[in-house]
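What follows is a single structure, written as structure tokens, with notes after it.
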Amino acid sequence: MELNELISSVNDAVWGYVLIAALVSCGLWFTWRTRFVQFRMVGEMIRLLTDSAIDTVETQVKENAAGERSKHISSFQAFAVSVATRVGTGNLAGVASAIAIGGPGAVFWMWIIALIGSATAFVESTLAQLFKQKHKDSFIGGPAYYIQRGLHQRWMAVLFAVLITCQFGLSNNSIQSNTICGAMQEAFGWPPIWVGSGLAVIALFIVFGGIQRIAQVCAVLVPVMAIGYIVLALVVIVMNIGLIPHVFKAIVLNAFGIQQMAGGGIGVAIMSGVKRGLFSNEAGEGSAPNVAATASVTHPVKQGLIQALGVFTDTLLVCSCTAFIILISGLYQTPGLNGIALTQSALQSEVGAVGPIFVAIAIYLFAFSSIIGNYYYGEANIRFITSNTMVMTVYRIFSAGVMVIFGAMASFELVWNIVDFFMAFLTACNLTAIILLGRYVFRLLDDYRKQKKQGIKEPVFHRSQIPELEHELECWE
């Protein structure tokens, strides 16, 4: 059996319905226990994000005028880095792959996992803020930290750190590179090895600059690339407005297997939608909490709310844009057409020859920002395991260099199967932790809501409010 087939078989056995059931169950539990926080507090999410964005701009202007540079990461910058890793190949290539394999119904299950998964994202990012630690120029934290500080299970924390480094710092970057190279070859005929090598050189330059440089780059790239892609999708949708009712009908009917003759049709739609939805929005996977912990805020709930908004941004906006373009074109039924090539062909059918070129440029920005964001997830977790500078240097070379070039040369199926393999075990580890620690988030949310009802615009948290954790919380004096 070839390596690709072996990994694929393991993925089918691990994913099955067990992990999918766990993801959905956790999402529903957290939705209920937080009293539907992802729906009831959308206004507060947007307020926090816009206020942070304004503060970030004003601070940068003052610092530039004074010749200074901030050592802290703002809520908006942390949001931008996390969205940079979410908004990437999963939105263009991943959605196309889900539809090609699972049909239009896969889109419905991507929406479902985003709606309930945003509550899970809120919980894990709030925990990351609660248990974050001080680190040189900024804060540092994530699941490995809240597992060790909250559950006192060092072995489990190290296991998570190893898994997320393999998943994001290594295998995910091969996905980004594979998609960029495929898009450039489709649009311009450029050889993948040359595109991958050039990409690696640029990525290495940025990652050696640290989280400040990563945050600054993402804060510029993410809004530009997301808005541009959404505008193009809206143009396509308006041009084909008469087809939209048929698109929604196809999504809903196929989601429940109503139009599928094969007995396993609904199962394929669910599995494809959930797997690609999780890869795209990362809710419950334990990735976004690593950057959520770096933000400087007055209350842990603030960053939890902002990160929950990131799930909506990713799946309900950007992923839906890709899905509508593909379903409007009807090309998802074309044999052998998958991944980024399907998205490019769908756009070409709607806007002409400029379509593949636009997608190539968009995926470059999407995936490149994901590469540098993914790299940081691995860095934060390697620092959790060891402070050895040589280990960090080797990791940087492999994450932004070797794996980027590997992705350029490997097959589409192999890189996605490797990602699915690590993603399953990583998610299982994180879900176990946040289920056990979720009670602290519920108390924090109650405190935040209580302060808001008292008329306090910016609620403040102090570690004495959770006495049993007071000695474990380093940053909430």
Side-chain angles (χ1 to χ4, degrees), residues 26-27 30-31 34 36-53 56 73-88 90 113-132 138-143 145-146 164 168 211 214-215 218-219 222-223 226 277-278 280-318 369-370 373-374 376-377 380 427 430-431 433-434 437-438 440-441 444-445 448 461:
C26 286
F30 289 135
T31 296
T34 59
F36 300 87
V37 64
Q38 70 268 46
F39 305 116
R40 296 179 60 187
M41 299 189 73
V42 170
E44 180 69 0
M45 295 178 192
I46 296 173
R47 183 193 74 79
L48 289 170
L49 183 63
T50 52
D51 285 354
S52 176
T56 298
I73 304 302
S74 71
S75 291
F76 176 73
Q77 287 176 320
F79 171 83
V81 175
S82 64
V83 171
T85 59
R86 288 188 177 113
V87 180
I113 202 65
L115 289 172
I116 64 175
S118 55
T120 306
F122 165 77
V123 170
E124 61 184 1
S125 292
T126 301
L127 282 172
Q129 269 288 322
L130 179 65
F131 289 98
K132 69 183 179 182
S138 63
F139 299 111
I140 192 169
Y145 295 83
Y146 57 65
I164 195 171
F168 281 87
I211 182 59
I214 293 172
C218 291
V222 171
L278 175 62
S280 181
N281 63 52
E282 303 173 15
E285 197 174 354
S287 51
N290 291 275
V291 71
T294 65
S296 178
V297 293
T298 62
H299 199 292
V301 166
K302 285 186 175 183
Q303 200 61 30
L305 291 171
I306 288 177
Q307 298 304 132
L309 184 63
V311 175
F312 288 136
T313 303
D314 173 88
T315 305
L316 300 185
L317 283 179
V318 187
S369 63
S370 293
N374 289 337
Y376 177 72
Y377 289 161
T427 304
N430 184 57
L431 288 180
I434 62 178
L437 294 171
Y440 297 120
V441 176
L444 288 169
L445 181 58
Y448 189 88
F461 170 75

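Quick note: residue numbers are just sequence positions, from 1.
Residues Ala308 and Met45 come closest through the heavy atom pair CB-CE, 4.0 Å. In terms of heavy-atom proximity, Val123 sits nearest to Val441 at O-CG2, 3.6 Å. Here the shortest heavy-atom pairing between Pro143 and Gly286 reads CG-O, 3.3 Å. Residues Gln307 and Ala121 come closest through the heavy atom pair O-CB, 4.4 Å. Looking at every heavy atom in both residues, Glu285 comes nearest to Glu124 through N-OE1, 4.0 Å. Between Leu445 and Met41, the shortest heavy-atom distance links the atoms CD1-SD, 3.9 Å.
By the 4.5 Å heavy-atom criterion applied to side chains, Thr126 and Tyr146 are not counted as neighbours. Side-chain contact between Tyr448 and Lys302 is present, with at least one heavy-atom pair separated by less than 4.5 Å. Contact annotation: the side chain of His299 approaches that of Leu444 to within less than 4.5 Å [non-hydrogen atoms, C-beta and beyond]. Between Phe461 and Val301 there is no side-chain heavy-atom pair separated by less than 4.5 Å. Between Leu305 and Ser125 the shortest side-chain heavy-atom distance does not fall below 4.5 Å.
Atom OH of Tyr440 is separated from atom CZ of Phe131 by 6.0 Å, given to the nearest 0.5 angstrom. Here the straight-line distance linking atom CD1 of Ile164 with atom CG of Asn430 works out to 8.0 Å at 0.5 Å rounding. Taking CD1 of Ile306 as the reference point, atom CD1 of Ile46 lies at 11.5 Å (rounded to 0.5 Å).
The main-chain N or O of Ala295 is found under 3.5 Å from a side-chain atom of Lys132 such that the two form a donor-acceptor pair. A donor-acceptor pair under 3.5 Å is formed between the side chain of Asn290 and the backbone N or O of Ser287. Under a 3.5 Å cut-off, the side chain of Gln38 and the backbone N or O of Phe122 do not form any donor-acceptor pair.
Remark: Thr120 engages Phe30, Leu431, Ile434 in a side-chain contact (heavy atoms from CB on, under 4.5 Å) (not counting sequence neighbours). Take Leu115 and apply the side-chain contact (heavy atoms from CB on, under 4.5 Å) test, not counting sequence neighbours, and it matches Phe39, Phe312, Leu316.
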